[in-house]
Amino acid sequence: MAALKFAGLDDTDSEDELPPGWEERNTKDGWVYYANHEEMKTQWEHPKTGKRRRVAGDLPYGWEQETDDKGQVFYVDHINKRTTYFDPRLAFTVEDVEEQPSIKQRYDGNTSALEILQGRDLSGKVAVITGANSGIGFETARTFALHGAHVILACRNNIRATEAAKSILGEWHKAKVEAMTLDLASLHSVKEFTEAFKGRNLPLHILICNAAVFAQPYKLTEDGLESTFQICHLGHFYLVQGLQEVLRRSVPARVIVVSSESHRYTDLVDSSGKMDLALLSPSKKEYWSILAYNRAKLCNILFSNELHRRLSPHGITSNAVHPGNMMYTSLHRSWWLMTLLFTFARPFTKSLQQGAATTVYCATAPELESLGGMYFNNCFRCLPSQEAQSESTAVSLWELSERLIRERIGRQSL
């Protein structure tokens with residue numbers, strides 16, 4: 001029988017290519033079987049290789065499995081508005097053998113965020129993303145929402161955030177996405193956001209500290225601190241502190257802090273090796289916008305590392321990421337020279353989808369479960385600057401951040 005089954009099959013071009021008259025199908029639970037229309041029979045084994053296979057992963061984003069009146073399964077592609085009886089996952093079947101985890105880099109700087117989550121289902125996961133109404137924050141939110149996560153866009157401008165949420169809903173009508181007001185330049189606003197979120201009794205599996213400002217003119221926040229430092233670091237520090245209780249209830253949970261390679265070009269301690277607030281929140285005379293941004297990005301990595309050291313025993317991990325060099329985002333809008341530079345460099349930069357990839361990877365990759373205290377660039381771990389690796393500097397920054405908040409909000413705020 002075996003000789004008859006495999007007779008005359010060698011004239012196909014590929015080992016996995018089906019001979020004429022055969023069709024590949026799959027069951028509801030993902031097992032692949034093969035139908036021979038000429039002999040009117042089906043079998044589990046591939047007619048040429050004799051191997052059994054199954055579909056890999058969940059349906060791609062935007063796809064949904066439904067059943068017609070006759071009980072036959074069909075597939076709806078809501079993004080491209082089409083229907084088919086062909087399971088799109090059949091293009092990604094795997095052999096029915098125990099898979100070994102790969103230790104090789106799977107993604108790089110050309111990978112998009114949507115490619116990171118190809119075939120993944122994030123249903124049941126809740127994610128909060130700061131600064132998500134535009135740029136890589138929006139692409140991060142969009143990618144999560146299109147794969148089933150409940151996404152909250154935490155933004156200063158609620159009108160723009162609501163418009164961003166509507167844009168995602170227009171792409172996928174079943175997306176769970178909404179806007180909440182959060183102004184990182186106001187510690188009072190951060191406290192209001194955390195109280196409002198906790199009042200909804202939602203879990204929190206992914207917290208993305210993404211919002212930032214770049215090349216800002218000198219400005220003090222309502223809390224009396226330089227705005228770049230507060231928006232990029234202190235506001236996020238207070239946000240994580242306020243949501244720590246929810247994160248602990250939602251383990252395993254991940255915090256991702258978006259930093260930058262620019263962290264390499266500065267430090268945070270004075271000549272005596274002590275943390276100097278004047279470096280983080282300088283006077284107008286001593287202020288230089290680029291240096292303020294670099295220092296804030298160094299704060300991001302130090303904060304992420306110390307956060308992981310303190311919370312990883314409770315099932316919460318934290319990693320810092322660099323989204324990409326010369327990313328064309330709205331960050332440059334405060335400085336006309338940078339706008340001009342980004343305009344000329346745009347053909348050679350990453351897309352926003354590619355810029356969001358490392359954030360999405362660190363927030364969802366199974367191989368990073370329980371791993372943190374690291375810095376990622378192009379979806380791959382790399383070493384940050386020596387200063388960013390300093391535990392003593394990280395502890396000093398943590399203690400300074402707590403003191404600044406206590407002085408402005410009160411001891412019950414932490």
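- Trp398 carries Arg310 over the face of its six-membered ring, with the cationic atom under 6.0 Å from the centre and within 45° of the normal.
- Under the 3.5 Å distance criterion, with hydrogens and angles disregarded, no donor-acceptor pair is assigned to the side chains of Gln216 and Thr228.
- With salt bridges taken as basic N to acidic carboxylate O contacts below 4.0 Å, none links Glu195 and Lys191.
- Side-chain contact annotation: Asn300 with Lys297, donor-acceptor N/O pair under 3.5 Å present.
- A salt bridge between Glu399 and Arg403 is absent, with no side-chain N of the basic residue lying under 4.0 Å from a carboxylate O of the acidic one.
- Counting only N and O atoms by type, the side chains of Gln230 and Tyr238 include no donor and acceptor under 3.5 Å apart.
- Side chains of Glu178 and His150: a donor on one and an acceptor on the other come within 3.5 Å.
- At a threshold of 4.0 Å, the pair Lys166-Glu163 does not count as salt-bridged, since none of the basic side-chain nitrogens sits closer than that to a carboxylate oxygen.
- The environment of His188 atom NE2 is sparse: at most 12 non-hydrogen atoms of other residues, nucleotides or ligands sit within 6.0 angstrom.
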For this session: Please test Arg248 against Glu245 for salt bridge (charged side-chain N to carboxylate O under 4.0 Å, His left out), starting from the C-alpha separation and ending with a verdict.
Result: CA-CA 5 Å; Arg248 291 192 185 207; Glu245 177 186 337; over 6 Å; no
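- Considering CG of Asn378 and CG of Asp108, their distance stands at 7.0 Å, rounded to 0.5 Å.
- Residues passing the side-chain hydrogen bond (donor to acceptor under 3.5 Å, both in side chains) test with Ser259: none are found, sequence neighbours excluded.
- For the 3.5 Å distance criterion, the side chains of Glu367 and Tyr361 qualify, holding a donor opposite an acceptor.
- You'll find the side chain of Leu184 stays beyond 4.5 Å of the side chain of Arg156, heavy atoms only.
- Legend: residues meeting side-chain contact (heavy atoms from CB on, under 4.5 Å) with Asn157, ordered by chain and number and at least two apart, are Ile159, Arg160.
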For this session: Take Tyr218 and Glu286 through the side-chain hydrogen bond (donor to acceptor under 3.5 Å, both in side chains) test and state the conclusion after the steps.
Result: CA-CA 10 Å; Tyr218 182 79; Glu286 301 295 327; over 6 Å; no
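- At a cut-off of 3.5 Å, with distance as the only test, a side-chain donor of Thr143 or Gln353 sits close to an acceptor on the other residue.
- Ring geometry, Phe197 versus Phe193: the interplanar angle falls under 30°, so the pair is classed parallel (tilted spans 30 to 60°).
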